[in-house]
Amino acid sequence: YHGFVGEQNRQNVASAFLKPTTWKEYCTEVKGEGDCLSGLDERARRLPRTRDEEERYFVKGLYEGFFGNTTYSNCTTNNNCYGHFINIDCNERFTQSEAKIYWNNISMVSLGSGNNGGYSLRDIWEIWAAANATRSNVLSYWSAPDGTGLVGKYAETDANLFRVRFPEPSRQCIEFEEKPKPAFHKYCSADQTQRVFDNQFASCDYVARRGSKVISSALKKVYDDATPAERSPTLDFLNSFSLTNMNSMQGIFNDILKIAICMYVYDN
């Protein structure tokens, strides 16, 4: 995160991370409708025809996407210029992304259509596809392990996702993490102070938490009812089975689940 922080990086951040542009915005604000109607534009093959198409950030074969400057990303005319990051819509998931950006003094905002300036999951998928097609920079919220396939889709490509690490959790940050979080409406509040929790200890990286296994009680009963010679090793195996790093988890979520689990068990 160091390369994003402070006034010394404001201009670099603002010029590197531009705002994603919907199909309608591109054909009305970046180019004229005639350009999109002509079928000769390099990014939009035609005008959007429905409300849904107007709001799209990428449509394969029809709209390649675009990332453009705004008045707020021009540091020559605006001393408070900033770049754009992609937060998720608070109605879809709760996230502390905005708090981490804010408390680490990173000059970036999210300007999606959500109440918190967030974007839908579909939007984020399309924005990443647009960034890949146009070779543009994107800083986006995402979760790990990834159960949607986005990480796997772009693995080992120029659009591969790299995690930005924030400051290591301090004792105060861990104590903050363990406190009850605000009600839903605060994540979607128009007041940024509420959305960033009004607490500087929201600035640290996410606290790692140990996962748990859930095992059917029926399996334990069958095990206990059997004689030692008749007991299956299944329960002992499940009790001892663990994944010690996130890369293992990531692989399982990115591949077809059954095949990935079998391959991991076989290899280890």
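What's counted below: heavy atoms across the whole structure, side chains too, no hydrogens, waters or symmetry copies. These numbers were taken from a predicted model, which means no experiment stands behind them. Residues take their numbers from the sequence shown, with the count starting at 1.
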Within the distance-only criterion (no hydrogens, no angle test), does the side chain of D191 pair as donor or acceptor with the backbone N or O of T193 below 3.5 angstrom? yes
With rounding to the nearest 0.5 Å, note down the distance linking CG in N91 to OG in S120. 11.0 Å
With Y119, the side-chain contact (heavy atoms from CB on, under 4.5 Å) member among D89, I127, N87: I127
Among all residues two or more places apart in sequence or in another chain, which pass the side chain to side chain donor-acceptor pair (under 3.5 Å) test with E126? R56
Taking ILVMFWY side chains as joined if any heavy atoms are under 4.5 angstrom apart, and letting links pass through other members, which residues group with L47? L37
Is the ring centre of F4 less than 6.0 Å from the ring centre of H2? no
When you measure from the centre of the six-membered ring of F66, is the NZ or CZ of R43 closer than 6.0 Å and no more than 45° off the axis? no
Can you list, pair by pair, the side-chain donor-acceptor contacts under 3.5 Å of residues 149-163, counting residues two or more places apart and other chains?
| unit_1 | atom_1 | unit_2 | atom_2 | d |
| --- | --- | --- | --- | --- |
| T157 | OG1 | Y154 | O | 2.6 |
| T157 | OG1 | A159 | N | 3.1 |
| R163 | NH1 | D205 | OD2 | 3.0 |
| R163 | NH2 | D205 | OD1 | 2.9 |

Looking at the rings of Y57 and Y26, which for Trp means the six-membered one, are their centres under 6.0 Å apart? no
Is the distance from the ring center of F197 to that of F176 below 6.0 Å? yes
So, D52 and R122, do they make that salt bridge, N to O below 4.0 Å? yes
Just to verify, what does E53 make a side chain to side chain contact (heavy atoms under 4.5 Å, CB included) with, not counting sequence neighbours? W23, R46, P48, R49, T50
Which atom pairs, donor and acceptor, lie under 3.5 Å between side-chain atoms of residues 27-34 and protein residues at least two apart or in another chain?
| unit_1 | atom_1 | unit_2 | atom_2 | d |
| --- | --- | --- | --- | --- |
| T28 | OG1 | K24 | O | 2.7 |
| K31 | NZ | D41 | OD1 | 2.8 |

Under 3.5 Å, is there a donor-acceptor pair linking the side chains of Q96 and E177? yes
Residue pairs passing the salt bridge (charged side-chain N to carboxylate O under 4.0 Å, His left out) test where at least one lies in residues 93-119, sequence neighbours excluded: E98-R195
Side-chain donor-acceptor contact under 3.5 Å, E230 with T227: yes
